[in-house]
Amino acid sequence: MKILVLNGPNLNLLGTREPQIYGTTTLADIERDLEAAAAELGVTVECVQTNHEGVLIDRIQAAHGDANGIIINAGAYSHTSLAIRDALAAVAMPYAEVHLSNIFAREPERRHSTLAAGARAVLCGFGAPGYVLALRGLVAALRA
Ligand code: DQA
């Protein structure tokens, strides 16, 4: 089983970016923890970060026939992108939406996600550990 982990714009800056909101854990730390959890679970993860909406869409499309599920933190595109939602719908595989912060407790424009309605699960507010929780949940759902 393979899970594609996608991180969108500005998430490459984790560790130094608004640490009072996003914490001090780096994306490299998160990806290392995901690799360790994946090994424990007996699955493979591929982690991709990009600041570009089109690249996210290309990677989602390429997951068809390659991955079994997707974990995605699309950053600010989560609130705006119908194109990413359409790509996720097109590949028709279970995905978990992750946010480090609790987007529902933030500014009004962050309280809506274009991706949430199609998600198998949405996990937000646990910071960096949320990614591993999402991986465990998605793998369990795929194995059920
Ligand atoms: C985020 C929340 C978004 O509103 C923001 O634009 C991000 C990060 C989060 O992980 O909490 O880039 O997705």
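In listed order, ligands and their atoms are each counted from 1.
- Nearest to atom 11 (O) of ligand 1 among the protein's heavy atoms is Ser101 OG, 2.6 Å.
- The nearest heavy-atom contact from the protein to atom 9 (C) of ligand 1 is Leu100 N, 3.4 Å.
- Smallest separation of non-hydrogen atoms from Val132 and Ala37: CG1-CB, 3.9 Å.
- Taking distance alone, with nitrogen or oxygen atoms compared against 3.5 Å, Ile103 stays at or beyond that limit from ligand 1.
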- Check the pair Ser101, Arg106 against side chain to side chain donor-acceptor pair (under 3.5 Å), reporting the backbone distance first and the verdict last. CA-CA 8 Å; Ser101 63; Arg106 298 187 62 191; 3.0 Å; yes

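- An N or O contact shorter than 3.5 Å is missing between Leu11 and ligand 1 by distance.
- Met93 has its side chain out of reach of Leu4: every pair of non-hydrogen atoms, C-beta onward, lies at least 4.5 Å apart.
- Considering backbone and side-chain atoms alike, Ser78 places every N or O at 3.5 Å or more from each N or O of ligand 1.
- Between His99 and ligand 1, a contact under 3.5 Å exists for at least one N or O pair.
- Asp86 contributes no side-chain N or O that, together with a main-chain N or O of Ala83, makes up a donor-acceptor pair within less than 3.5 Å.
- Protein heavy atom nearest atom 3 (C) of ligand 1, with residue, atom name and distance: His79 NE2, 3.4 Å.
- Ligand 1 does not have Asn10 within reach: every non-hydrogen atom of the residue lies 4.0 Å or more from it.
- At a 4.0 Å cut-off, at least one heavy atom of Arg17 sits close enough to ligand 1 to count as contact.
- Side-chain N/O atoms of Asn51 and Glu53 include no donor and acceptor closer than 3.5 Å.
- Atom CZ of Arg85 sits about 11.5 Å away from atom CD of Glu97, to the nearest 0.5 Å.
- Distance check, rounded to the nearest 0.5 Å: CZ of Phe126 to CG of Leu100 gives 12.5 Å.
- Contacts with ligand 1 closer than 4.0 Å are made by no heavy atom of Ile21, backbone or side chain.
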